[in-house]
Protein chains: 2
Amino acid sequence: MSIHNLLICCIAVVLSAAPARAQNLSWQQVEPGIWKAKAGKPEAYDLLTASGAEPREEGLTEMGDSSFPLPADEITARVVDGQTYLRFPLDRKEQLYGFGLNFKTVHQRGRILRLHVDHYGGEDNGRTHAPTPFYVSSKGYGVFINSARYIKVYAGTAARKDSEDPPVARDRNTDPDWTSRPYSDSVEMLVPAEGAEVYIFGGPTPLDAVRRYNLFNGGGPLPPRWGLGFTQRVHRLYSAEDIRQEAEAFAERGYPLDFIGLEPGWQSKSYPGTFEWDGGRFPEPRTFVREMLDKGIRLNLWINPYVSPDASFADSIAPYTASHTVWAGMVPDFNTREGRNIFFSQLEENQVDRGVSGYKIDEVDGYDRWVWPDVATFPSGVTAEQMRQTYGLLVQRYSEDMFEKRNRRTFGLVRASNGGGTSFPYVIYNDYYNHRNFITALINSSFSGVLWTPEVRASETGEEWLRRVQSVVFSPMAMINAWSSGTKPWSFAEVEQEVREMFRLRMRMMPYWYSEYAKYHFKGIPPFRAMNLEEGFRSGLKMEATEKGLEENPYAEAVRKEINDQYMAGEYLLVAPMFEGQESREVVLPDGRWYDFYTGNYVGESEIITVSPGLDKIPVFVKDGGIIPMMPARMHAPGAGEKVNIQVRHYGEKAGSYLLYDDDGLTYDYEDGEYQFREIRVEKAQDGRWEGTIAPAEKNKPNTVGEVSWRFMPP
Amino acid sequence: MSIHNLLICCIAVVLSAAPARAQNLSWQQVEPGIWKAKAGKPEAYDLLTASGAEPREEGLTEMGDSSFPLPADEITARVVDGQTYLRFPLDRKEQLYGFGLNFKTVHQRGRILRLHVDHYGGEDNGRTHAPTPFYVSSKGYGVFINSARYIKVYAGTAARKDSEDPPVARDRNTDPDWTSRPYSDSVEMLVPAEGAEVYIFGGPTPLDAVRRYNLFNGGGPLPPRWGLGFTQRVHRLYSAEDIRQEAEAFAERGYPLDFIGLEPGWQSKSYPGTFEWDGGRFPEPRTFVREMLDKGIRLNLWINPYVSPDASFADSIAPYTASHTVWAGMVPDFNTREGRNIFFSQLEENQVDRGVSGYKIDEVDGYDRWVWPDVATFPSGVTAEQMRQTYGLLVQRYSEDMFEKRNRRTFGLVRASNGGGTSFPYVIYNDYYNHRNFITALINSSFSGVLWTPEVRASETGEEWLRRVQSVVFSPMAMINAWSSGTKPWSFAEVEQEVREMFRLRMRMMPYWYSEYAKYHFKGIPPFRAMNLEEGFRSGLKMEATEKGLEENPYAEAVRKEINDQYMAGEYLLVAPMFEGQESREVVLPDGRWYDFYTGNYVGESEIITVSPGLDKIPVFVKDGGIIPMMPARMHAPGAGEKVNIQVRHYGEKAGSYLLYDDDGLTYDYEDGEYQFREIRVEKAQDGRWEGTIAPAEKNKPNTVGEVSWRFMPP
């Protein structure tokens, strides 16, 4: 073997150039409480370039300054072998959240992920619809890597020899304290590029860091009011006539309906698409869209962006498409001006100008076996990997542009997003259809700058149907997606009443939802968010030894127990969904006193309660002093300028206040100041009775508030 | 949004440098029927450098020439963004095998893999113990990418616009022939490096391509004879005294036993290890090893290579270890001469020189959460990724060196290997413990240049125990691994007899197994191999539409049906394991007539038969004219020079021939010509009776054949 040894010797000499030493980064404050540094040579194309995100300065200024939240000398970077290695310190008890839209886990410390846009495949491994390279620490700061690459993340798993706080070596033969997961004092990441921009977001609380991240990316989207009503996506081959009948059936049966989603069959061909109406199923699209608008119902069209050779613009877009096809359709390069102009002009002329209100943009995520391979090339020179990480951003950005330049808001669905995408008026969905995991995704959406809907498709039983409807009503988009099944809200006769009541509750709460979305937009506060962003929540994270022997569990891995099935909805509500088959469940109440949403009764404080709400209710709790503005149930969202009476509910024993948002509900005029927040206050008068006040409406600002009434819970 | 547009425009300009065009490769014949080309700038450190593999020239010369098996103008490479894109053509009906040790699938066309050394995680996605970047085509050629990187493989999944045979776009709305998997005319790969060596192996048959690959990598290992006997791995905390008793119990109960495996407790500390005997459990290691050798039993020691701070050589090896630790143990850099000298000197002095026969080298594969992260650095400058891909090769290579320089063969276990590792005397194993998937791995090992054992650990029932024992007896290493359970072969009293009979059968077949391993070594023919390498096998691959609706199967994916539960063992045997719970099973017989191994009765030809062998038998079939040399059952393998009587079995109606291998069974002297193949022939005499002959032994060559008797089946 001496020749081998000689060979390996030579190679060792060739390779022995020591890798670049880890260096500290040079931090520059770019906004109050936000710092930026360059590791290596950041690439020209990154997440923020792709999204075009611009900071919402007012919101950031309002939040004020913050001190740099980490020991800067413990953050290091180095470039080795054309890849960027990053390291951030961790304290012993620190917890981490985020790293994108995970479906099963909330706590991310101890996880290894490769952030990669994809359809969720059943494992929290980084492959997800929005693998945002952003994490939030329980210590109250956030870290964002602005790179459109597949970033590998070691979130407190790897231990270094040079650590000042290294794990202790233990003898597995005899030491019962041996663990397969020794302590790690850092988050390490590998960015497969010569550099990357790194951002740090200050606190002092985790929610503050999330807010700064969201505001830095433009703040959350403000949907039109109709976007917060109910939406039904109809069977994929429904014709205009089928849809007319569907809308009539909703009206006759008293189910609110604001927009209908048309699935692939609206197009003359799909997978790949022509992006034009099918003449057979939709003989008069212009008339049909108009007619539905007149009934107060908007239309949202399913697409995926892959262009059929039979599309009218196929020849003209061909030079601006990728080397590879998807289902034999061409892949537009939206990083070429021509590619996006040709593509979106077709949508504008054929649909948007005819009154279509928005899109559902499918299959911009994965799987690998559908979309372009990593060896594809694009005319813009953006690599296949970068394109995979940003295609969802690009389709959101340029499709919103169509509506923005017409000063019409849109609210739609998309299957992929990423860092930088906070402001887009799109909600993520998928085919995974696990009710529990859908709730965990809703929780994690608040760490990732995205919105997520636990959409309802089909169910085995009426109970499951109702439980899923209850969850989706307390989510960013209240939707049934019957693209395959054709199911109606009333398909399960045994729960028809209860489902209708949930729809009506969604409509009654519209003033609350709308105000909460406004706070997402102007203040960066996610309207649906993790308990871990709520002060006074004790996460209850535990590592429990399992009873499995070494035969089944050879590394003696502990099992993580965490709370991943309850969340905050808006400023005051805690939602704890019931899942099919459950008759009762536990709810972890944060510090402070909590009250039942329906009765106003006190339920507990800083404790775990067990609730058995019956089939017709989803457990919802209100923080002490909580204020929920409501309106009468209606069949459609209010139109522009339409006055609506408000009933203000107050809960508990503390005085409360609330900012009620108002604008025209339809246009982007709010960006020019055409909106107002009115403060609602509820306090005890000298006689001990509750008293409510609402600040007077500003002059010359949109004002849709009619009469205001008060309800002090419990009555 | 005009600022955004402007920005994206500037970026488009920056990026618009067109990617390098795909170019044909320049092929150079390096051995008969083997061609090499350089794509881009191949790296200094690759799989062949790490393994030190050297071609077995005699075997290759004996195979002779072959024509270049692919249209060279359809093989292209280009380097984009620091990564190498490779493309190889595919015919419409071509099938692909290989891409490493997959556990569930044999056919790989249509799969996407990222080849990455790891513990198998339940999905054939490229993460496995031996993700060999080698594939074999049903058309009779092989392709090997000599790169120690995580290679992404699109094995006939991606479709290009410039294809000469592109898939047809279909309308999913109405066309029942729409498919989610359009036809692809190529294998594409992405090597994350500026270049890679590519090798093509000619046929004309798939087995020829496999043989050339194996011979190019040195040919298969030739285990010592004792390596083919039975091995028991004892409970992890067994003492010398426990092991003495275990060996006595085997002898008393009549179970053959050739080597015993000691698990972590032989060391004074493990996970990380000290690599020295525990003084409590093994007070007199030198005496103990000697004593066991005297009983004809060798010892194999479990290690993982992670060095405890309490190891005697901890301080001296520290400078030659990685930046990161594994279970708080240091990770030796075996690409430094000092690192490997310090490490292996400890093993040589403390164990090998005292008579230890080999090692089981654990945890050189994964998971990510145990081993070093991709941001680790090594003193040699080899990157963490390259080290992950090759660590299994390095530990095999340098541990074999210890034995080779003492002219003692070894035969051990390892948990990771890769391309270039064919010649190492190690068998791969893991913790996955699924009997069916273990058989599929055994099948796939033959496409990957590795050996695999479907080891037996524990079982729920006696039936499962026996079924697993039956499989392992027809595998590269006949082993029970009781590291956790302490189970004995006789633990299930209801099948104790049957288990002993299987052990005895293993011993009786030793002349056959040993000759088949010799053919692996000298001719490159895998001793256990896929049916797909057998001429006349019809794979029966089918894509079947499922009955699941779009709700559960939104992309209408077909389900692949394939044969992944039967295999060839040596030249003549077809093995079809029974799985727990089965009373009968189907067996696909290739062309030609086949006979029952036990009775010699004719069972069928070119057809699917159903067999119900009862609990005591594993279905085994013999090809027409098959010859199986056997010996009497013994408690241990024959010693050096020990004469053994041979019984030659012949099956069926055709005349047959067989090459019986012989050497000293213990040393590397066969590399200097100290061996012989003797031809056995069975033909019909003029009187219609069968007649057997064996070629005379060569003079001055090892000859252990005693008397030869003949058995013509059926009798």
Side-chain angles (χ1 to χ4, degrees), chain A residues 1 4 9 11-12 14-17 19 44-45 49 52 81-82 85 112 152 154 157-161 167-169 171-173 182 188 190 264-265 269-272 308-309 323-325 327-329 335-336 368-369 373-375 377 380-383 401 431 457-458 484-485 549-551 554, chain B residues 1 4 11-12 14-17 19 44-45 49 52 81-82 85 112 152 154 157-161 167-169 171-173 182 188 190 264-265 269-272 308-309 323-325 327-329 335-337 368-369 373-375 377 380-383 401 404 431 457-458 484-485 550-551 554:
Chain A
M1 292 264 170
H4 294 170
C9 243
I11 289 143
V14 168
L15 295 169
S16 65
Y45 186 78
T49 319
D81 185 34
Y85 297 10
I112 297 173
K152 185 98 185 241
Y154 300 86
T157 66
R160 290 166 296 109
K161 279 197 303 193
V168 176
D171 174 24
R172 193 181 179 185
N173 292 336
E188 298 197 74
L190 185 153
K269 295 188 176 181
S270 76
Y271 289 86
S308 169
S323 58
H324 286 65
T325 56
W327 292 306
N335 280 317
T336 64
D368 287 8
R369 53 189 188 270
D374 286 348
V375 292
T377 53
S380 61
V382 172
T383 67
D401 277 359
D431 295 310
R457 293 189 165 194
S484 151
S485 62
L550 293 180
E551 207 66 65
Chain B
M1 290 266 170
H4 296 167
I11 290 142
V14 169
L15 296 169
S16 65
Y45 186 79
T49 319
D81 186 34
Y85 296 11
I112 298 171
K152 184 99 185 239
Y154 300 86
T157 66
R160 290 165 296 109
K161 279 197 305 192
V168 177
D171 174 23
R172 192 180 180 187
N173 291 335
E188 298 197 73
L190 185 153
K269 294 190 178 181
S270 76
Y271 289 88
S308 169
S323 58
H324 287 66
T325 55
W327 292 306
N335 280 317
T336 63
R337 177 190 291 274
D368 287 7
R369 54 187 186 272
D374 286 348
V375 293
T377 53
S380 62
V382 172
T383 67
D401 277 358
E404 195 173 0
D431 295 311
R457 292 189 166 195
S484 152
S485 62
L550 294 180
E551 206 67 64

By ring-ring contact (aromatic ring centres under 6.0 Å, His included), B:Tyr271 pairs with (sequence neighbours left out) A:Trp178, B:Trp302, B:Trp327
Please name all residues satisfying salt bridge (Lys or Arg N to Asp or Glu O under 4.0 Å) with B:Lys152, sequence neighbours left out, ordered by chain then number. A:Asp368, A:Asp374
Between A:Pro554, A:Pro167, A:Ala158, who has the most heavy-atom pairs with chain B when the cutoff is under 4.5 Å? A:Pro554
Just so I understand: if I count every heavy-atom pair under 4.5 Å between each of B:Ala328, B:Ala169, B:Ala159 and chain A, which residue has the most? B:Ala159
Measure distances from B:Leu190 to the heavy atoms of chain A and classify the residue's part below 4.5 Å as side chain, backbone, both or neither. both
If you measure from OG1 on B:Thr377 to CG on A:Asp81, what distance do you get to the nearest 0.5 Å? 12.0 Å
Which of A:Pro264, A:Gly82, A:Gly329 touches chain B most, by non-hydrogen pairs under 4.5 Å: A:Pro264
As an exercise, state the distance from CZ of A:Arg369 to OG1 of B:Thr157, rounded to the nearest 0.5 Å. 10.5 Å
Honestly, the part of A:Ser485 sitting under 4.5 Å from a heavy atom of chain B is both
Evaluate the side-chain contact (heavy atoms from CB on, under 4.5 Å) criterion for residues B:Ser270 and A:Arg172: first the C-alpha distance (whole Å), next the side-chain angles of each, then the deciding distance (0.1 Å), finally the verdict. CA-CA 6 Å; B:Ser270 76; A:Arg172 193 181 179 185; 3.7 Å; yes
Under 4.5 Å from a heavy atom of chain B, the part of A:Pro182 involved: side chain
Top of A:Asp171, A:Leu550, A:Thr383, A:Thr325 for chain B proximity - count of heavy-atom pairs under 4.5 angstrom: A:Asp171
Can you give me the closest heavy-atom contact between A:Glu188 and B:Val375, atom names plus distance? OE1-CG2, 3.5 Å
